[in-house]
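See structure below.
Fair warning: this is a prediction, and the values are worked out from it, not measured in the lab. In what follows, chains are A, B, ... by sequence order, proteins preceding strands, each numbered from 1.
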Amino acid sequence: MSVKNNISTKYFVWIAVLAIAILAGLFTTYKVLTNGLGLYSANDVIVWTLPLASYAFFSLMSAGLAMVASIPIVFGIDRYLPLVKRAVVLSLAALVAALLSTFLELGTPWHIVAYFISPNPRSSLWWLGVLYLLQFVFLVTFFVKSTNGKYNKVISLIVFLLAIAIASTLGSTFGFVEARSVYYGPFIPVYFLLTAFLTGLAVFMLTTLIFYQITKADFVEEVKTLYDELGKAFSIILGLSLIFFVWMTVTGLYAYSPEYNSIKHVFGSLPYQFALWLGLVVPLTMMIIPVIRQSRWGKVVSTALVVLGTLTISNIIIELGMTVPPGPRITQFPELAAPSYTVWEWLVFVFALAVALLIYTLGERYFELEGSAE
Amino acid sequence: MSKYAMVIDLKRCTGCGGCIVACKNENNLSDGIVWSSKITETVGTFPDVRFAYYPTLCNHCENAPCVSGCPTRALYKGEGGLTLHDPGKCIGCRYCMGRCPYGVISFNWENPHPAWRARTETIAQGTTSPAQVAEQVGGEVIPYYNPESAEGYAGIRPRGVVEKCHFCAHRVENEQLPYCVEACPADARIFGDLDDPNSEVSKLVKKFKSFRLREELGTEPKVFYIREFNQGKNSSTKGEV
């Protein structure tokens, strides 16, 4: 069902809200491009802050949604085909938000042409750029084909593999940093892969359920069964994520190396406690109880909590490796540096979110995002 | 092919910070940007206290994590094994800062030398503005601008890119020593070609037990520390139970 037949005051209010957020974002872009990254709370120790966390969050979300979109075709699960188009549009929207966040995170984004004229295949960051470019092209192709009711297995497989590559390569940009023990190793690539799928599932379920609520569309038994199944898959991935997150913490708390003091430091913080309890434990508990898992409100609340939790966790993981100043920076900065975000950093996130929501809203408005393959 | 390296003699180093100031002058560094710095440690409580001072700079690692991580080759290995930077290719992602184990790469968060760009008079109707001073003496942004540092690199690096020590590549190319080496009043910094067995750095590294920062990472730093200094004295004893 499309909203194009149901244009209402609510719709215009929604578009107006998004327009205001985007205008604020455009003003932020102007300020960042003219004043530089000094507008952020970052410094030579905490080199990445909220805009990078926003980028990682949307990037993982996009990869996860691409998995949700391609799995039914790649693995021949036909009853999920009606969900594909919405997942593709959401994945594209999240990818644009990720690229927007990273554009406002770079000191000189106009030098991006160097990616093509001076490539470094030894750098995971360079590969990540290539993967985003490919994913964008294939997602658009995937969407165009799916609007014609044709689901191409090869394109779906490419999108699926690219999604896995993007999530794990993003993790590897941290996992390859030998200089910072908290980042180094295979943990973050694997954890990001899991987080991508979790976020993709959460965002997909949350968006669709809100769409059904707003449009008062029929939630037929067949669709309800699909979402109940998705709820079970979501619970399993959520449980695995909780196990990974807890072990990351326990490993850090158990360590003697001063570099792991950042985990001890963050353990007592409000964002960490929020991410653990409200972002993982509470939604998992809700999903384990069958009555709540099968209810629409139960799914909405738990997926919304997971989305907020994932954003917080992205931020926590990025900060963990930078809290302890390296080398001579220890004489210039506190033993454990911690940022407090400026309004500009929050506006970057709001801008990216608003653009993603606008793309999705227009997708629902102009395309029939729910249907099955002929 | 040369392999440039620096030896820092900790027994000669007085911790005066002359190298830090010389580097800032030679390379037109902005406020908050440090290429040459130091790690200071104070351990223990009086009277059993020890103070240690380790000058730091880019280690020009043979296996430089900043070079392998840079997506656009803005950081690259140059002549003599120097780790160099091209601001024209730098996208300002700061991944090199994340990858560098030594914390010696700085980022230009704002326009460099903001104080010297001010157009308001320092004392109203009494003095010129900082920007006028710089213009009148023919400097570029700063009145004490050193044009020699612009040979082969940006004299002043713009906002939005990283920057770091390049062993004064502009001087080394002209067979001059890096300026921190030249300026050190105690001759604590010794520079030369590690591949030349007759160079002073080769001899010192062989003669004294040396250490390099975070050697366990396998980055093969090219800054060696010798003769760690400790002024403490202890009398002969076997301890007690």
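Donor-acceptor pairing under 3.5 Å is recorded for the side chains of B:Ser106 and A:Arg329.
With a 4.5 Å cut-off on non-hydrogen atoms, A:Thr102 does not touch chain B at all. The part of B:Tyr102 that comes within reach of chain A is its backbone (N, CA, C, O), which places non-hydrogen atoms under 4.5 angstrom from that chain. With a 4.5 angstrom heavy-atom cutoff, B:Leu217 touches chain A via backbone and side-chain atoms both. B:Pro87 touches chain A through its backbone: at least one of N, CA, C or O sits under 4.5 Å from a heavy atom, while the side chain does not. Neither the backbone nor the side chain of A:Ile318 comes within contact range of chain B; no heavy atom of the residue lies under 4.5 Å from a heavy atom of that chain. When heavy atoms are compared at a cutoff of 4.5 Å, A:Asn35 approaches chain B solely by way of its backbone atoms N, CA, C and O.
Scanning residues 53-65 of chain B against chain A with a 4.5 Å non-hydrogen threshold yields B:Thr56, sorted by number.
Highest contact tally toward chain A, considering only B:Gly218, B:Gly69, B:Gly98, is held by B:Gly98 [criterion: heavy-atom pairs under 4.5 Å]. Of the listed residues A:Gly38, A:Ala179, A:Pro328, A:Pro326, the one with more heavy-atom pairs under 4.5 angstrom with chain B than any other is A:Pro328.
Taking CG of A:Asn120 as the reference point, atom OG of B:Ser68 lies at 7.5 Å (rounded to 0.5 Å). In this structure, the separation between CD1 on A:Ile46 and CE on B:Met97 is 11.0 Å, given to the nearest 0.5 Å. Rounding to the nearest 0.5 Å places CZ of B:Arg159 at 7.0 Å from OG1 of A:Thr34. Atom OG of A:Ser123 and atom OH of B:Tyr95 lie 6.5 Å apart (nearest 0.5 Å). If you take CD1 on A:Ile112 and NZ on B:Lys89, they are separated by 14.5 Å, rounding to the nearest 0.5 Å. Between the OG1 atom of B:Thr72 and the CZ atom of A:Phe116 there is a distance of 12.0 Å, given to the nearest 0.5 Å.
For the pair B:Phe107/A:Asn43, no side-chain contact is recorded, criterion being any heavy-atom separation below 4.5 Å from C-beta on.
A salt bridge is defined here as a Lys NZ or Arg NE, NH1 or NH2 lying under 4.0 Å from an Asp or Glu carboxylate O, and A:Glu105 with B:Arg94 meets this definition.
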